[in-house]
Amino acid sequence: MIETSMTERTDASASVDAGERVRSTGRRALMAGLGAVALGTAGALASAAPAQAAPVAAGAKDVTRAETVADLARLRARDGEVAIVAGYRKAGDAGLLVYVGSENAKTTVNGGTVIAGKRDTRWILQHDGTVDFRVFGIAGPETPADDALAAMVNDPRIRRIEASTDLLFQRRHRFTRSHLEIDFGGHVLTTDGIEKNTHDNPFGAVMFFTGTSKDVTVEHALAEPWPELTDAVAVPDASRFPVDSWWAVQCDPVAGGGADERELQRFVQVTQQIDGTHIRIDYLNGWPLDKGRKLIWRQMDPVAGVRIANMRFLGAGPFDGPTDGSFPDSRELTGSHPIAFEYAIHCDVADVHASRTWWPVIMRRWNTHFTTERCSVENPPTVFYGGAGYLTQQIYSLYGRVSDCTSSNARHLNDLTASAYCLVENCHGDGDDQGGNPFTTHGQYEHDLTFIGNSGLMDIANSGTQWGTAAKRITVRDHVCSWFVAGTKISDLTLENVRVIGRSTFDPQATMTINADGAQVRGCTAGLLAIGQRSQRSSRPTVISDSTFALPKDQVLVQTPVTAPVRFVDCTITGMDGVKARGAGPVEFVDCRLSGPVAGAPVELGASRVTIRGGSVRDVRLSATAVRDQLIALEGVELSTERADGALVSRAAGAGVVTWRVTSTAPKGAAHLDIGAGVNHARVTGSQFVGGRLRLADGFAEPSTLLYSDTVERGVETAVPEAGPRVVIADVLTSA
């Protein structure tokens, strides 16, 4: 009876359309043709028929077999009919494919997951949410994979896309799909012949995932100040901000600042409606905003939960072009890069390795809660064209982690622009000589960024006044590089175990620059140290401790604009030859070891107060510039030299009044103190002088004062003024 029904059905199908391939039906035929494993697969997948196809009729046992997808396309699909296909073009080239028929589905045919059957019917691929490019007949880079990528990304049934071969892409795709994983299996992606990009468009990637606008905008002036590190903000009507809604929020530009200078540009989620005029967001703001500052909120439907992994990407376009980053450069249109995200949450990238890319390999803007890990870039066409040649750039982004990444001969390994609460860890950039610097921030009011265990050049908040050159609470730990620049408006910079090691091919001076606005440097090593001041926001002192520096000749250690106190504690500073401390702010050396060449030029001290307490000063000539009133205090410090001429401590003929406190040791012929000009007020008490000379006789005319007492002189040639109303010399112990 079963065999009779099979025969009748075969005859019936032949009479419907003689052009259709004869179908093998029934359990016995299926097992003979494809085996028991195929049957199990068909049974499991057919039971989960898609919404586009009618379900399999209860109790149906008929299964159709086809050798290729082309063979399947010659069959008319019936509702619920299961078809097993041995391969796309030949058996096994795409694995075993299972389809279910639909007679009335209007699903767009795409040559893979939806196959056109005879008489405008459809065959719908059955799967468990994972689909390979081979399902579309893509067996390598000979055929562009763009249509297949678009079909799979835009199919909500597919949650994971896999590649089993190298692939070629020639289009720049824009997707709004969420909750998708794309794993390229470590294969090579090429983009030769890719369509042209538009001008200045780093989002023209092969895969650009972006959120969509909800067409809701709220603009208002703050009715009250928004303090720093506060997640509650005043709004006109809290009901317009539903809990869990997402917003791109920014403030108006800073008055009198650069064209793009804003303290606030973040992608945030509303977590609470506190009352009728206050909401809470998932962000503690890094910069205070005064009452009256304007906020602009744009509601977005973000793309979420996308992960792209495991590819080797080769960019398109020639390498020839301007070598200095100048315009025009046609490669910004012909070049390619793989990934971009905008208005995105929880979108991650892993194990992407790229070369010859134009714009950043991974471009992000308005992102939050993301990771980029184990990625690399090497040899981009340029490191000078603005925005080109990066591994990853994050703009207006929050809560990101970039880890275990590398770059070679690139512009930036990592760029954090107007971003906050991000971590960069165990990333390493080489090829600095090619003109790039692996680690940078833009200076667009970044805050609370942490760098740990990285290597490569670092340049913080230095992109230009257009964006503000401002940053706050940047922490760098265990970093190695040959150049470290953080001298713009950076508040509360923290450096721990940062080693700047000079390299003859790039920066032999091993430069480190910092801003004296709450900077704290601990356990660091560099050559050239330059301390400037361009902001006054911090409440903490600027302290350099347990660090070592080897200064070049005539280095300006403390620059003229510095008014904040600068304190060195337990530091070793060599090469003090013509070094200058010009800033007016107090400078203090506590238990430090300062040294210079025997024949070095004097160290010019221009600070209002210079204190050297404890430690030693060897072969260094200290000279107060007297450009302002000064206090020079040497307390418990050992001054020594091998030179036989000049003075260890002296003053220039400036108009300032200098107050002195000194203890010193010097060889025969050298002067401990040489104070012979200007107005001076010296208190030399409890001091000990060994060897050398004291030259004080000519520096204490009216109205100067000198208290010289409780002092020990051992083998010292002394020339002091006569005692009188303004000069007290008492209790001096003298020995040979």
Ion pair check, [X] and [Y], cut-off under 4.0 Å:
X	Y	answer
Asp348	Arg307	no
Glu195	Arg172	no
Arg473	Asp448	yes
Lys214	Asp301	no

Side chain to side chain, [X] and [Y], heavy atoms closer than 4.5 Å:
X	Y	value
Phe203	Thr210	no
Thr217	Trp247	no
Asp570	Ser545	no
Arg266	Thr368	no
Phe313	Phe184	no
Ile362	Cys375	yes

Determine, stepwise, if the pair Asp546 / Arg522 fulfils salt bridge (charged side-chain N to carboxylate O under 4.0 Å, His left out). CA-CA 6 Å; Asp546 305 302; Arg522 297 187 285 271; over 6 Å; no

More than 12 heavy atoms of other groups within 6.0 Å of Arg499 CZ: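 Atom CZ in Arg499 is not crowded, with 12 or fewer foreign heavy atoms closer than 6.0 Å.
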
Any chance CZ of Arg177 has more than 12 other-residue heavy atoms, nucleotides or ligands included, within less than 6.0 Å?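 Count over threshold, so yes.
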
Who pairs with Asp147 by side chain to side chain donor-acceptor pair (under 3.5 Å), at least two apart in sequence or on another chain?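 In terms of side chain to side chain donor-acceptor pair (under 3.5 Å), with neighbours along the sequence ignored, Asp147 is linked to Arg171.
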
Applying the salt bridge (Lys or Arg N to Asp or Glu O under 4.0 Å) test to Lys472, which of Glu263, Glu228, Glu446 qualifies?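 The passing option is Glu228.
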
Apply the ring pair (Phe, Tyr, Trp, His ring centres under 6.0 Å) test between Phe267 and each candidate in Trp297, Tyr343, Tyr396, Phe341; give the one that qualifies.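 Option passing the ring pair (Phe, Tyr, Trp, His ring centres under 6.0 Å) with Phe267: Tyr343.
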
Could you give me the CA-CA distance, side-chain angles and deciding distance for Leu189 and Val206, then say whether side-chain contact (heavy atoms from CB on, under 4.5 Å) is met? CA-CA 10 Å; Leu189 275 61; Val206 170; 5.7 Å; no

List for me each residue that meets salt bridge (Lys or Arg N to Asp or Glu O under 4.0 Å) alongside Arg159, sequence neighbours excluded, and say none if there are none.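 If we apply the salt bridge (Lys or Arg N to Asp or Glu O under 4.0 Å) test to Arg159, skipping adjacent residues, there are no hits.
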
On the 0 to 90° scale, with breaks at 30° and 60°, tag the Tyr283-His447 ring pair as parallel, tilted or perpendicular.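 Tyr283 vs His447 ring planes: tilted.
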
Students often mix this up, so state it plainly: with edges at 30° and 60°, are the rings of Phe209 and Phe175 parallel, tilted or perpendicular?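 Answer is tilted, since the angle falls between 30° and 60°.
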
Which of these passes side-chain contact (heavy atoms from CB on, under 4.5 Å) with Ile161: Val131, Ile308, Asp155, Leu180?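 Looking at Val131, Ile308, Asp155, Leu180, the match for Ile161 under the side-chain contact (heavy atoms from CB on, under 4.5 Å) is Leu180.
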
Option from Asp404, Asn310, Asp183 for which side-chain contact (heavy atoms from CB on, under 4.5 Å) with Asp351 holds: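 When side-chain contact (heavy atoms from CB on, under 4.5 Å) is applied between Asp351 and each of Asp404, Asn310, Asp183, only Asn310 qualifies.
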
Run through Thr392, Thr372, Thr417 and flag the one making a side-chain hydrogen bond (donor to acceptor under 3.5 Å, both in side chains) with Arg364.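 Exactly one pass, corresponding to Thr372.
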
Please answer whether the main-chain N or O of Ala461 pairs with a side-chain N or O of Thr441 as donor and acceptor at a distance below 3.5 Å.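 Yes; at least one donor-acceptor contact below 3.5 Å.
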
